[in-house]
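A short write-up of the structure that comes next.
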Amino acid sequence: MCGIIGIVGKSKVNQSIYDGLTVLQHRGQDAAGIVTCDEKGQLFLRKANGLVKDVFHTRHMLELKGNMGIGHIRYPTAGCSTSAEAQPFYVNSPFGITLAHNGNLTNTKQLKEELYQSDRRHLNTNSDSEVLLNILAHELQKTSKLKPQPEDVFKAVTQLHQRCRGAYAVVAMIAGVGILAFRDPYGIRPVVIGKRKNTEADEYIIASESVAIDTLGFELIRDIAPGECVFIDINGNFHAQQCADNPVISPCIFEYVYFARPDSIMDGISVHKSRLRMGTKLAQKIKRDFSELDIDVVIPIPDTSRSAALQLSYDLGIPYQEGFIKNRYIGRTFIMPGQTERKKSVRQKLNAIDLEFRGKNVLLVDDSIVRGTTSQQIVQMARDAGANKVYFASAAPPVRYPNVYGIDMPSAEEFVAHDRTIEQIAQELGVDELIYQDLDDLVEAVNHNNSAQGFDTSCFSAEYITGDIDQAYLDYIESLRNDSTKQQAESSNAVIEIHNNA
């Protein structure tokens, strides 16, 4: 999962892009990058590994000149976390194009061969984002104009949709021309548009989540539709066109479960309200199937589960208490590269308040359970704090299958729910009772207003909406994503970094 942003303004955009990336930091903590463009068409780029606040210092910000720019925060979905794959990417021909991408292409191997054999283009990294950039560049190169017009941009994106498969929300900038943004035909990954009135001309923003638009003082206009491309030229003129055949709104449901900030609205769906309804659905299940549980207190596992836990507590009529204090300076455990880092960070990240646990039957509520290692440690913390019984509720169903659309869910064997019954998972986690959300209830909770035609629920159901995923591809992606492969890659990268710095 990554975060993208693009702004066409009437004054310098470097600080606004920086602030927007900071707001979107929850979507990726591995690397950050900004590229801006001045009135002469010159590009200025800064990107590196690390958090936004660590990548950009005053000297870097002063060099990011211009009234137009794009930014990216990276969360690696395969391989190691290396600065070579920090975005945005740049290609000089044609016109000078930079691109930032959130998602994952599922036909990357085929596209790489096409780019080499037919398009005669060189790739310098293993990133599918660089593949997307070169596909876009190749299609734009077919125009005979010195400066591409909106119709040229839309034609290029139409051809891109016909070639690319998988999930992609993209923002790109053509030097001295404008910014374009587009979304895959299923709308798997989110991207929204905002506008701000200016005395000279309207200013526009593209971002992964509406929270970035709100924070920067723009007005949310709408989502970019699945398959749609929008183009904003350097003078602030807005153009939009549908570029895909038979687009379908099928966003990734895990965005609403975990990734997105609760104050965001995506595809017309409030993340916060969705999570409240997840809590209601869980409460209904507990009343129906677990009425014998003698729960004294409901405690959320910070931060994503708070909305669901609060509503569940209200619906059950059981007190809600904050039982864990979170160290705000430790990143999100789920999106840390490498299982070693995830394990190490849990005790640094959370600390239990003994008074809320001692002698009580506690219902812990989390947004989801993936590997289970974090949940195991949290359950043990609750017992160490004196809990009498520990029950555990997940606002999402069991995660049993890999996600191939841009979420770093590991190989199936690394899921705690893989080939285990609910009772076996409960035993593995060390809980007295384990309650999972039903998939139908999760879908109803998110799609309360019928805003979406469907959802990508593949990590729960093994139903991959793009229709091109087979076992061979799952085996391939597993070879890239399992933790042992990542640890080897990270170790190799560390040796290279030491050598380069020697």
Side-chain angles (χ1 to χ4, degrees), residues 4-10 13 16-17 20 35-37 39 41 43 66-71 88 94-102 132-133 135-164 168-185 187 189-208 210 212-213 216 218-247 249 267:
I4 59 174
I5 189 171
I7 299 178
V8 177
K10 302 309 294 184
V13 296
S16 292
I17 295 175
V35 59
T36 58
C37 181
E39 64 279 0
L43 299 175
N67 300 351
M68 178 172 70
I70 65 175
F95 315 119
I97 307 171
T98 63
L99 177 144
H101 161 226
N102 173 31
L132 262 173
L133 170 60
I135 295 290
L136 177 64
H138 178 76
E139 298 303 333
L140 278 171
Q141 193 143 17
K142 294 177 180 178
T143 181
S144 59
K145 301 168 187 172
L146 289 176
K147 181 175 287 190
Q149 300 301 306
E151 60 269 21
D152 302 308
V153 171
F154 297 143
K155 185 176 181 180
V157 173
T158 299
Q159 293 300 118
L160 181 146
H161 283 324
Q162 294 175 7
R163 297 180 66 176
C164 297
Y168 47 93
V170 174
V171 61
M173 180 168 63
I174 305 173
V177 176
I179 283 179
L180 64 142
F182 54 91
R183 197 175 178 194
D184 70 75
R189 301 267 74 90
V191 59
V192 293
I193 315 166
K195 182 171 72 172
R196 184 168 60 193
K197 294 290 184 180
N198 187 285
T199 53
E200 299 179 50
D202 291 338
E203 299 177 304
Y204 287 92
I205 181 173
I206 305 292
S208 291
S210 64
I213 290 175
L216 295 176
F218 286 78
E219 176 188 356
L220 176 65
I221 301 176
R222 60 178 177 86
D223 300 83
I224 293 180
E228 183 184 25
C229 176
V230 302
F231 175 66
I232 306 144
D233 67 31
I234 198 167
N235 297 314
N237 298 307
F238 182 90
H239 311 268
Q241 182 173 303
Q242 177 56 250
C243 297
D245 297 328
N246 305 314
I249 304 177
D267 290 307

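Side-chain atoms are counted along with the backbone in the values below, which use heavy atoms only and exclude waters and symmetry mates.
Side chain of Gln242 to backbone of Pro226: a donor-acceptor contact under 3.5 angstrom is found. Of the possible donor and acceptor atoms, one in the side chain of Asp233 sits under 3.5 Å from a partner among the backbone N and O of Asn235. No donor-acceptor pair closer than 3.5 Å links the side chain of His161 to the backbone N or O of Cys243. Side chain of Arg189 to backbone of Asn102: no donor-acceptor contact under 3.5 angstrom is found. Side chain of Asp184 to main chain of Tyr168: a donor-acceptor pair is present (N/O by atom type, distance under 3.5 Å, no hydrogens or angles).
Residues Ile5 and Val171 are not in side-chain contact: their nearest non-hydrogen atoms beyond the backbone lie 4.5 Å or more apart. The shortest distance between side-chain heavy atoms of Val157 and Phe231 does not fall below 4.5 Å. Taking 4.5 Å as the limit, every side-chain heavy atom of Phe182 sits out of range of all side-chain heavy atoms of Ile224. Side-chain contact check for Asp223 versus Arg183: some heavy-atom pair is nearer than 4.5 Å. With a 4.5 Å cut-off on side-chain heavy atoms, Arg163 and Glu139 count as touching.
Atom CD1 of residue Ile205 and atom CD1 of residue Ile193 lie 11.5 Å apart, to the nearest 0.5 angstrom. Atom-to-atom distance recorded for Glu228:CD and Arg222:CZ is 4.0 Å, nearest 0.5 angstrom. Atoms CD1 and CD1, on Ile7 and Ile232 in that order, are 10.5 Å from each other to the nearest 0.5 Å. The OH atom of Tyr204 lies 8.0 Å from the CG atom of Asn237; values are rounded to the nearest 0.5 Å. For the atom pair NZ (Lys195) and CG (Asp202), the distance works out to 4.5 Å, reported to the nearest 0.5 Å. In this structure, NE2 in His101 is found 5.0 Å from CG in Leu132, a value given to the nearest 0.5 Å.
Shown here for Arg196 and Leu216, the closest heavy-atom pair between the two residues is NH1-O, 2.9 Å. In terms of heavy atoms, Asn67 sits closest to Val13 at O-CG1, 3.2 Å. Heavy-atom minimum distance, Ile17 versus Ile70: CD1-N, 3.8 Å. Heavy-atom minimum distance, Cys229 versus Phe154: O-CE2, 3.4 Å. Taking both residues in full, the closest heavy atoms of Met68 and Ile174 are given as CE-O, 4.0 Å, listed atom of the first, atom of the second, then distance. In terms of heavy-atom proximity, Leu133 sits nearest to Thr98 at CD1-C, 4.4 Å.
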_Candidate pair Phe95 and Thr143, rule side-chain contact (heavy atoms from CB on, under 4.5 Å), full reasoning_ = CA-CA 11 Å; Phe95 315 119; Thr143 181; 3.7 Å; yes
_Applying side-chain contact (heavy atoms from CB on, under 4.5 Å) to Ile206 and Val191, what does each step give before you reach the verdict?_
CA-CA 7 Å; Ile206 305 292; Val191 59; 3.4 Å; yes
*Show your working on side-chain contact (heavy atoms from CB on, under 4.5 Å) between Leu136 and Leu180 and close with a plain yes or no.*
CA-CA 11 Å; Leu136 177 64; Leu180 64 142; 4.2 Å; yes
_Candidate pair Glu151 and Lys145, rule side-chain contact (heavy atoms from CB on, under 4.5 Å), full reasoning_ = CA-CA 11 Å; Glu151 60 269 21; Lys145 301 168 187 172; 3.2 Å; yes
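For Gln149, the CD atom counts as densely surrounded, since its 6.0 Å shell holds more than 12 non-hydrogen atoms of other residues, nucleotides or ligands.
By the 4.0 Å N-to-carboxylate-O rule, Glu203 lies too far from Lys10 to be salt-bridged with it.
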